[in-house]
Amino acid sequence: MSAVTTRTTCPYCGVGCGVNAVVDDDAVSVAGDDAHPSNRGRLCSKGTALADTVGLNDRLLYPMVDGRRASWDDALDEVATRFGEIIAEHGPDAVAFYVSGQLLTEDYYVANKLMKGYIGSANIDTNSRLCMSSAVAGHKRAFGEDVVPGCYEDLELADLVVLVGSNTAWCHPVVYQRIVAAQEGDANKKLVVIDPRRTATAEGADLHLPLAPGTDVHLFNGLLAYLAGQGIESDLPGASEALAQAQPMSDIEAVAEACGVDAETVAAFFALFAKTERTVTVFSQGVNQSSAGTDKVNAILNCHLLTDRIGKPGACPFSITGQPNAMGGREVGGLSSTLAAHMGFDAAERVQRFWGSPAIADEPGLKAVELFEAIERGEIKAVWIMATNPLVSLPHADRARRALEACEFVVVSDCMRHTDTVDRAHVLLPAAAWAEKSGTVTNSERIISRQRSFLPMPGAARADWDIICDVARRMGFAEGFAFDSAAAIFREHAALTAFENDGDRVLNLEGLAEIDDAEYDALEPVRWPVHATQALRAVGAMAAEQDSRRLFVDGVYPTADGKAHLVAVTPRGPANAVSEQWPLALNTGRIRDHWHTMTRTAKSARLSAHIPEPFVEVHPADAERYGVVDGAIATVSTAWGQAHVRVIVTTAQRAGTLFVPMHWNDQFAARARVGALANPAVCPISGEPEFKHTPAAIAPFKAAWHGFILASRPLLLAGEASIDYWVKVPGERFYRYEVAGLNVPGDWATTARSWIGVGERTADWMEAADAKAGRYRAAHMDAGHIEACVFVAPEPAALPERSWLAGLFTGEPVDEAERIGLLAGRPADPGADPGPQVCSCFGVGRNTILRAINEQGLGSVAAVGEALDAGTNCGSCKPEIAALIAEAGEE
Ligand SMILES: Nc1nc2c(c(=O)[nH]1)N[C@H]1C(S)=C(S)[C@@H](COP(=O)(O)OP(=O)(O)OC[C@H]3O[C@@H](n4cnc5c(=O)[nH]c(N)nc54)[C@H](O)[C@@H]3O)O[C@H]1N2
Ligand SMILES: Nc1nc2c(c(=O)[nH]1)N[C@H]1C(S)=C(S)[C@@H](COP(=O)(O)OP(=O)(O)OC[C@H]3O[C@@H](n4cnc5c(=O)[nH]c(N)nc54)[C@H](O)[C@@H]3O)O[C@H]1N2
Ligand code: SF4
Ligand SMILES: [Mo]
């Protein structure tokens, strides 16, 4: 059979890159789609590794009821009956859906329609509440509608790009690469990064403002006052009130003091902003995830409105979205605070008429954090969770866990057999995954792209929209859910956006409301609004939308007075300040190569290799003060929970703050779910949690020993009494476990054998023990190849590097030289050790890069790329390669 290529869309971040998926017999490979306007052929490390994640290992393939495999009929009848009974007895608000920006627009549309139009409650909220809801609320206050006015091209046209609370280099890598490429060689183009941490993004900036956490409103109020001081005026509504409120920050010294940044840096930023017409301000979670999130958004929008930098080439505020379909979810109205198609509850009658539905929610429902509180109190008695893992991703996640444990009826639709949330469901519904799904997503620049399936649905898996419609029919709502395809749902969604829309809603997909199935299948990326069907048919999607690249070009906004509004905002501190007991501000976020709760990226060995363990970044002064050491383990505690993570001491971390990634969970570590530590305080306007600031303490985890295990099969360490700390790192043909314990076991040999499940009489067991030095090393061999090895020492630094040992797990026998090196943990020839992975696209290790730099005298990232390919695909590791060149130079 010859290779078949399918044009689809990356299922990770909101950049929304086009992907060509190639299936050749059973082998899947992916490449960037040159024809997609958002990425023009580029992919980042996660997109490049997509083929590693399509395997069926650990997939949920059949419905389960109470832990037993069930038929679809039985599982869906159970869901429909239990929801129906609870609604009949306690009313519609006693049930809820908790959905996700990783659903496709069609899935999302029917979930929203079922809850709001047929069950008649607005208790459907989404993980976008944790993500974009502050941006949504800020947009509505300023523009009257949740609209992102610009496009990626603006980032290239801009002379100044300001990245606020956005680690773009790691979280929106292709957008970052587009910015970097546009600025390269043009000294007039500047990049400013505003982030308390010196991130990989900040490393590449002309100016970095390492502001104190939560002080963005102080900074942007200061900027607003400064701009007014330069004689810039605006007669927009709210301008004078916003300026009056910004007055306390009119002095640069005051701003510098409030933000904890030196005055020269603040002054340089303000001057640059004031003089650069073509400015784009990009913002994401450092802004949104705050108890002042909505105010932070408006403080930024105010500066763009005052200077009239919106709707122009290279000038706009730009909220970049996190999830692949966060935008599509906002378009269908998946948040409990909106109704449908960018309409609020004041349009309830209109939406009900369009749907012809028996009921309609006429007021907002509960927001994510409140919703789980209501579950805990027993007010919500049944919940259906789709495409999200709230027991990891919600703040105060242990309470969310208690809530689900107490809940009468929990349904989870997921692709994975085990996640922290899946493991607490009464009914489990197997959803089709990325490679098998078909529908549409909308990215950060309003481009709707097709996701097209290229693999058959495995086992009994079904598409989310199909599962939802089936439940709706079983609940007695057949007429509203007679859809037989994603295309049919899309047409109805598009028609609703256009329904009685006299231009008062910018979101309008009129031109797509009547596309037939073939046109839907062939749909090219298209940016909304899409008004004219004829134009679309005649000239193709992207050509038809040229006029929609920028919105608000004419200065007309979907507000009552047709104008944009500045919003007066008052700077305030985080919901809970640091204290004597909790002296540090815990910040949480993302790393380059993992996606959220790791259900997909942990399937890829190369993605897992970049940063193998959960960590806490600490400033050297704080490390010293609280007695934690680089490379050791620390306990991070807050009023809500605790985690055990590896310490990284670095000046990139602002003093007084900690950073822990959000990804690790109970499937991959003993205790590293940082959601359990996160403050459940929310922004009073948007309901978005304060993930970037929780008062915390740090202390050493007093391990008596440290070790690691490499094994050819997965091990179950959770029940091992001797192990107090473990982290599982999936490898190419092995699993790596980092382990540690608070007490030294009596007998290492017995303990090590029990970890890897080897009986007493295994013939091929090599070991070396030095009881006095607290060292133990063993390897289990089988027919000449390695099955497992165990290394234990009193200190982490006394353990050998993992990469060479890991390289012995090839499935082939180890040779004599390797066998000799085995218990030493290093090859007789040091040149054979690649070191930890830096470039995940080409699997190039740190030692390999350092050796090439030294031996070949390579002086630039480009030269390293030439010699080793490292950094030449997605480019995300370029900052690390640059750091290695600097390091080699210092030696
Ligand atoms: N690799 C990877 N990429 C992803 C994801 C992923 O899981 N992995 N997830 C996607 C999703 S859903 C999202 S929402 C995006 C998120 O993308 P980003 O928002 O870029 O990611 P975060 O790491 O959550 O946070 C961004 C930065 O905010 C900074 N910050 C913290 N507090 C403050 C503050 O008070 N002010 C300012 N100015 N900055 C602050 C943090 O130090 C952090 O560097 O990423 C998307 N892309
Ligand atoms: N501490 C802390 N917590 C955070 C954040 C933070 O910065 N710090 N960020 C927040 C943000 S911005 C976000 S967006 C959330 C993300 O948090 P989550 O949404 O909880 O994270 P994911 O791991 O993406 O969960 C997606 C789930 O859906 C499953 N899945 C994947 N595809 C499909 C599908 O097509 N259908 C179905 N039914 N299931 C599917 C996956 O297996 C997985 O279990 O985390 C939030 N939580
Ligand atoms: S930047 Fe990376 S993760 Fe985001 S859509 Fe593109 S390839 Fe996927
Ligand atoms: Mo997100």
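Note that the numbering runs from 1 along the sequence shown for the chain. Both ligands and their constituent atoms are indexed starting at 1 by order of listing. Any value given below was found using the heavy atoms of this structure, including those in side chains, with hydrogens, waters and symmetry copies removed.
Of the possible donor and acceptor atoms, none in the side chain of D195 sits under 3.5 Å from a partner among the backbone N and O of N167.
Near N127, meaning under 4.0 Å from any of its heavy atoms, are these atoms of ligand 2: 19 (O). Close approach of ligand 1 to C131 is summarised as follows: ligand atoms under 4.0 Å from at least one heavy atom of the residue are 14 (S). Listed by number with element, the atoms of ligand 2 under 4.0 angstrom from any heavy atom of S413 are 37 (C), 38 (N), 39 (N).
Proximity of I591 to ligand 1 is established by a heavy-atom distance of less than 4.0 Å. Ligand 1 lies within reach of H663, whose nearest heavy atom is under 4.0 Å from it. For M132, the closest heavy-atom approach to ligand 2 does not fall below 4.0 Å. Heavy-atom distances between H693 and ligand 1 stay at or above 4.0 Å for every pair. Ligand 1 is approached by L211 to a heavy-atom distance shorter than 4.0 Å.
A salt bridge is defined here as a Lys NZ or Arg NE, NH1 or NH2 lying under 4.0 Å from an Asp or Glu carboxylate O, and D666 with R401 meets this definition.
Remark: R462 is positioned above the aromatic ring of W72, its terminal NZ or CZ atom under 6.0 angstrom from the ring centre and at most 45 degrees off the axis.
Taking distance alone, with nitrogen or oxygen atoms compared against 3.5 Å, Q323 stays at or beyond that limit from ligand 2. Any N or O atom pair closer than 3.5 Å counts here, and R590 shares at least one such pair with ligand 2. Taking only nitrogen or oxygen atoms, main chain and side chain alike, R600 does not reach within less than 3.5 Å of ligand 2. Here's the thing with T419: none of its N/O atoms is less than 3.5 angstrom from an N/O atom of ligand 2.
At the shortest separation from atom 21 (O) of ligand 2 among protein heavy atoms lies H596 CB, 3.3 Å. The protein heavy-atom contact nearest to atom 47 (N) of ligand 2 is S393 O, 2.8 Å.
Ordered by chain and number, C13 SG make up the set of protein N, O or S atoms under 2.8 Å of atom 4 (Fe) of ligand 3.
Judged by distance alone, the side chains of N665 and T597 never bring a donor and an acceptor atom under 3.5 Å apart. Donor-acceptor pairing under 3.5 Å is recorded for the side chains of R450 and S438.
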